[in-house]
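Read the numbers this way: they start at 1 and go in the same order the structure lists the ligands and their atoms.
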Amino acid sequence: MKFSRRKFLKTGTLATTAGVVACQTDPKSGKSNPHSTAGTPLVISTWKQPKANAAAVAVVERRGRALDAVEAGVRVPEADPNDTSVGYGGRPDRDGHVTLDACIMDENGNAGSVTFMEGIMHAVSVARLVMEKTPHVMLSGDGATQFARQNGFKKENLLTDDSKKAWEKWLETADYKPVANIERHDTIGMLAIDAAGNISGACTTSGMAYKLHGRVGDSPIIGAGMYVDNEIGGACATGLGELVLRTLSSFLAVELMRQGSTPQQAAEEAVKRIARKLKPTDDSQVGILTVNKKGEHGAYSLQKGFNYTISQNGTTHILDAPAERQ
Ligand code: SD4
């Protein structure tokens, strides 16, 4: 797919085949989304995810549910072997296991999650099944895999040859530094607003490369990696999960919007809270996305380099988020 302004202009009124442009958010603007139109469906996701957004947009455009949109959207990178932070092709932990974390939340406050799950490509769909078919919110490890198998999911090897080679190379030094690097992530958090104005969200990841076996990040934790309150808005996070977990960034951002913050102000304060309280190292990154009921969005990160993909009114934009540290 080519990203060009000309394509954007040409396809400006088209739907799922939207052109994609890269441009800059105005960090100073009180209005967090220069492209926002209240009342129309919206899909927003962390990092460069135009294909995932297109899958989600296809759902909301035929007046489908935001919940179906976010599930369909994040399944795209889950199945992509070249996306090394999510699902199939995800980098393994330091023992060579690809372990997945995912969550999903609907417009009624229902939530489902799987953590530390192996061998099932579409973690988000297992999370949705936990939400819809069990009285629980979260299943973990072998129990999550077992539940998925019992519900017809195929068990497969998620460690691709490329990921195995990269892991074997890492093993040569086995320098234990499970840092989510600043520029190159693909973990996907996605929020969608459907034609009925309902908001849902999902988040899915293989977590940090070469993490300790058993480590769980922020992504599957409701309120940390993602949170939705359909009366107010939604938020999702990416980056160093330990920082997000310690401040429940997504819940915090939604609560700030409840108290009157714009989505941009909420995303900024959630990141600033991390910067102020946790004193993160120079090489750590956190990016936060927010949306409110009006279809306005916000984005902010600790470091420069966080971008996100937003689709609305038939166009898709890849935007650079403003950052705390320039
Ligand atoms: C984690 N937040 O497991 C995830 C990593 C991430 O882009 O977002 N990477 O900590």
A.B. asks: Mind checking whether S85 has an N or O less than 3.5 Å away from an N or O of ligand 1?
C.D. replies: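 For ligand 1, there is no N or O atom that lies under 3.5 Å from one belonging to S85.
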A.B. asks: What residues form a side chain to side chain contact (heavy atoms under 4.5 Å, CB included) with M138, not counting sequence neighbours?
C.D. replies: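 Testing M138 for side chain to side chain contact (heavy atoms under 4.5 Å, CB included), a comparison that skips the adjacent residues, returns S113, T115, I221.
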A.B. asks: If the cut-off is 4.0 Å to any non-hydrogen atom of S219, which atoms of ligand 1 fall inside it?
C.D. replies: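 Counting atoms of ligand 1 from 1, those under 4.0 Å from S219 are 2 (N), 4 (C).
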A.B. asks: Quick one: sort the W170 and Y210 rings into parallel, tilted or perpendicular, breaks at 30° and 60°.
C.D. replies: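 The arrangement is parallel - the two ring planes meet at less than 30°.
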A.B. asks: By number and element, which atoms of ligand 1 are closer than 4.0 Å to a non-hydrogen atom of T187?
C.D. replies: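 Checking each atom against T187, I get 5 (C), 6 (C), 7 (O), 8 (O), 9 (N).
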A.B. asks: Relative to the heavy atoms of T238, which atoms of ligand 1 are at a distance of less than 4.0 Å?
C.D. replies: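 Those of ligand 1 that fall under 4.0 Å from T238 are 6 (C), 7 (O), 8 (O), 9 (N).
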A.B. asks: Taking non-hydrogen atoms only, is Q285 closer than 4.0 angstrom to ligand 1 via side chain, backbone, both or neither?
C.D. replies: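 Neither part.
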A.B. asks: For E242 and K211, what are the C-alpha separation, side-chain angles and deciding distance, and is it a salt bridge (Lys or Arg N to Asp or Glu O under 4.0 Å)?
C.D. replies: CA-CA 12 Å; E242 280 70 8; K211 61 195 176 185; over 6 Å; no
A.B. asks: Taking a cutoff of less than 4.0 Å between a non-hydrogen atom of the residue and any ligand atom, is E242 in contact with ligand 1?
C.D. replies: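 No heavy atom of E242 comes that close to ligand 1.
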A.B. asks: Does an N or O from L240, backbone or side chain, lie closer than 3.5 Å to an N or O of ligand 1?
C.D. replies: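 L240 vs ligand 1: no N/O contact under 3.5 Å.
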A.B. asks: Examine D218 against ligand 1 and note whether any of their N/O atoms are separated by less than 3.5 Å.
C.D. replies: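 Looking only at distances, the answer is yes, because the N/O contact criterion of under 3.5 Å is met.
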A.B. asks: Between G207 and ligand 1, does any nitrogen or oxygen pair lie at a separation below 3.5 Å?
C.D. replies: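 Not met; the criterion fails.
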A.B. asks: Looking at ligand 1, does any of its N/O atoms fall within less than 3.5 Å of an N/O of D101?
C.D. replies: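 No, D101 has no N/O under 3.5 Å of an N/O on ligand 1.
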A.B. asks: Can you pull the ring pair (Phe, Tyr, Trp, His ring centres under 6.0 Å) pairs that have at least one residue in residues 261-282, sequence neighbours excluded?
C.D. replies: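 Qualifying pairs, neighbours excluded: none.
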